[in-house]
Amino acid sequence: MLNFVESVGEAVAGIKDGSTVMIGGFGNAGQPFELIDALMDCGATDLTVVNNNAGQGDQGLALLIKEGRVKKMICSFPRQSDSWHFDTRFRAGEIELELVPQGNLAERIRAAGAGIGGFFTPTGYGTMLAEGKETRILDGRGQVFETPIHADVALIKALKADGKGNLVYRKTARNFGPIMAAAAKHTVVQVSEIVPTGCLDPEIIVTPGIYVNSIVKVA
Amino acid sequence: MSVQSSNQTELRGPIQSSDKPLGRDDLARLVARDIKPGSFVNLGIGQPTLVSNYLEPEQNITLHTENGMLGMGPEATGEQIDGDLINAGKIPVTELPGASYFHHADSFAIMRGGHLDICVLGAFQVSATGDLANWHTGAPDAIPAVGGAMDLATGAKDVFVMMTLLTREGVSKLVETCTYPLTGIGCVTRVYTDKAVFLTGPDGVQVRETFGCTLAELQAMVPVPLKAAAAVGS
């Protein structure tokens with residue numbers, strides 16, 4: 001069921017303590033800052049967050065981590081020059097980290113949305129990130145079994161939505177949006193513009209509205 | 001096409017193509033020159049990014065960035081800067097005519113499905129058989145971050161490494177066996193360093209050319225057996 005809501009607060013109101021939340025974005029591109037600020041205000045805690053990074057600077061995901069709302073990060077690249085809030089929590093042993101090669105992260109999210117129970121991939125074979133995982137030799141190459149990453153909620157950012165919830169994105173801000181929209185039980189999207197149904201060319205729609213539950217326009 | 005016998009080249013030694021070690025820009029120029037026209041290429045963060053400065057338009061190279069783009073142009077400046085258009089290092093970039101955008105699973109399918117011709121990566125260590133260590137020092141207080149390195153290392157058809165041959169302490173980064181945590185096994189095909197270009201593979205390490213040293217001098221710095229690469233005529 002698709003809802004157009006008036007405020008970001010309303011859009012994230014259903015997020016409960018202990019939820020797994022996928023947050024779109026690669027660095028700041030595509031990061032839904034307004035939805036993250038609303039998640040901060042709603043008070044949900046003990047969250048498992050799935051994102052490529054673990055926050056930059058003093059905004060968005062970095063603040064959720066600073067405020068101790070995140071118990072676990074599933075990401076590929078937490079350490080950056082401006083990831084000080086994550087670094088502090090991690091060094092203090094206050095946040096759990098599941099480090100995932102970026103392609104495995106993307107494909108595990110995609111698998112969840114596509115109903116795939118798991119897959120074998122050469123990425124990570126023979127490395128410490130494959131320790132404890134099932135392996136096989138397939139097509140003459142060592143491969144590692146990887147499982148899907150599901151989520152209760154996805155918070156993503158798109159450029160435009162139409163009345164059916166169809167989405168288009170902008171440049172490299174697309175990144176994880178389409179696959180997270182499919183992987184989560186409930187997908188919340190912030191957009192810059194809502195256009196009437198029929199105003200988006202069906203040939204260029206990136207995320208069909210079937211994956212979308214709540215849409216909020218932000219300035 | 002004429003191929004010299006390896007016996008002959010071993011006697012002659014590899015070409016010493018510079019009388020001094022190569023600087024970072026000269027090395028980037030050399031890597032750029034070695035990329036075949038029409039290739040699809042991913043340049044890693046840091047030193048490999050310099051290669052893009054030396055690609056010639058006639059080479060018709062298409063650059064891939066892991067965050068969802070083919071046809072990436074040079075770094076953006078001034079009014080070109082757009083927060084929605086960045087590269088893997090999160091630096092604002094530009095798009096070239098014919099560019100395309102796609103989501104992250106498609107972007108990594110491009111790597112993982114073997115569609116990229118070449119990736120160029122930095123490294124802490126490369127082993128004689130092409131194992132790569134470039135994501136983690138293994139230090140107990142280090143915060144690990146892998147990003148797309150493992151996908152690139154296992155997915156690209158050719159993996160080129162750019163690095164200085166020696167650490168600041170003078171220890172060779174070309175090693176018998178990597179002591180840092182691995183990124184990928186047997187994946188590196190060429191190693192471009194300030195002192196020589198090495199070809200790595202199951203048959204061991206061959207030296208294609210040296211810069212500011214002879215093969216014997218190079219051998220004294222590197223703890224793995226070296227032999228001169230057979231010169232291949234064009």
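Worth saying up front: this structure is predicted, and the values here are computed from it rather than measured. Excluded from the calculations below are hydrogen atoms, water molecules and symmetry mates; all remaining heavy atoms, backbone and side chain alike, are included. Per chain, numbering begins at 1; letters A, B, ... match sequence-line order.
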* Are more than 12 heavy atoms from other residues, nucleotides or ligands located less than 6.0 Å from atom CD1 of B/Ile81? -> yes
* With only heavy atoms counted, which part of A/Arg170 is less than 4.5 Å from chain B, the side chain, the backbone, both or neither? -> both
* Between A/Tyr125, A/Phe86, A/Phe26, which shows the greatest number of heavy-atom pairs under 4.5 Å with chain B? -> A/Phe26
* To do: Heavy-atom pairs under 4.5 Å with chain A are the metric here; pick the option from B/Ala88, B/Ala109, B/Ala149 that has the most.
  => B/Ala88
* To do: Looking only at non-hydrogen atoms, find the nearest pair between A/Leu35 and A/Val189 and report the distance.
  => CD1-C, 4.2 Å
* To do: Under 4.5 Å, counting heavy-atom pairs only, tell me which of A/Glu107, A/Lys171, A/Arg110 racks up the most with chain B.
  => A/Lys171
* Proximal component of A/Arg174, with respect to chain B [non-hydrogen, under 4.5 Å] -> side chain
* Asked: If you count heavy-atom pairs under 4.5 Å with chain A, which of B/Ile143, B/Thr183, B/Leu182 comes out on top?
  -> B/Ile143
* Donor-acceptor side-chain pairing of A/Asn52 and A/Ser76 below 3.5 angstrom -> yes
* Any idea which heavy atoms bring B/Pro223 and B/Val175 closest together, and the distance? -> CG-CA, 4.4 Å
* Given the options A/Asp87, A/Val100, A/Asn28, which has more heavy-atom pairs under 4.5 Å with chain B than any of the others? -> A/Asp87
* Would you say B/Gln59's side chain and B/Ala32's backbone share a donor-acceptor pair under 3.5 angstrom? -> yes
* Asked: Around B/Lys36, counting heavy atoms of other residues, nucleotides and ligands shown, do more than 12 lie under 6.0 Å from its NZ?
  -> no
* Structure fact -> Honestly, the part of A/Asn104 sitting under 4.5 Å from a heavy atom of chain B is both
* Asked: Would you call the rings of B/His64 and B/Phe102 parallel, tilted or perpendicular if under 30° counts as parallel and over 60° as perpendicular?
  -> parallel
* Contact summary for B/Asn67 and B/Ile86, nearest pair of heavy atoms -> ND2-O, 2.7 Å
* Asked: Can you say whether A/Phe176 sits under 4.5 Å from chain B via the side chain, the backbone, both, or neither, judging by heavy atoms?
  -> both
* Asked: Looking at B/Arg112, B/Met150, B/Met69, which one has more heavy-atom pairs under 4.5 Å with chain A than the rest?
  -> B/Arg112
* Contact winner vs chain A - B/Gly148, B/Gly184, B/Pro144, heavy-atom pairs under 4.5 Å -> B/Pro144
* Asked: Can a donor-acceptor pair be found between the side chains of A/Thr123 and B/Asp151 at a distance below 3.5 Å?
  -> yes
* Asked: Is there a donor in the side chain of A/Gln56 and an acceptor in the side chain of B/Lys90, or the other way round, less than 3.5 Å apart?
  -> no
* So, for B/Gly122 and B/Leu132, which heavy atoms are closest and what is the spacing to 0.1 Å? -> O-CD1, 4.2 Å
* So which residues of residues 60-72 of chain A are in contact with chain B at a heavy-atom cut-off of under 4.5 Å? -> none
* Asked: What residue in B/Asp84, B/Thr154, B/Val146 has the most heavy-atom pairs under 4.5 Å with chain A?
  -> B/Asp84
* For the rings on A/Tyr169 and B/His103, is their centre-to-centre separation under 6.0 Å? -> no
* If you count heavy-atom pairs under 4.5 Å with chain A, which of B/Asp141, B/Asp82, B/Ile185, B/Thr65 comes out on top? -> B/Asp82
* **Side-chain (B/Ser127) to main-chain (B/Cys178) donor-acceptor, under 3.5 angstrom** => no
* Interface moiety of B/Phe108 toward chain A, non-hydrogen atoms closer than 4.5 Å -> side chain
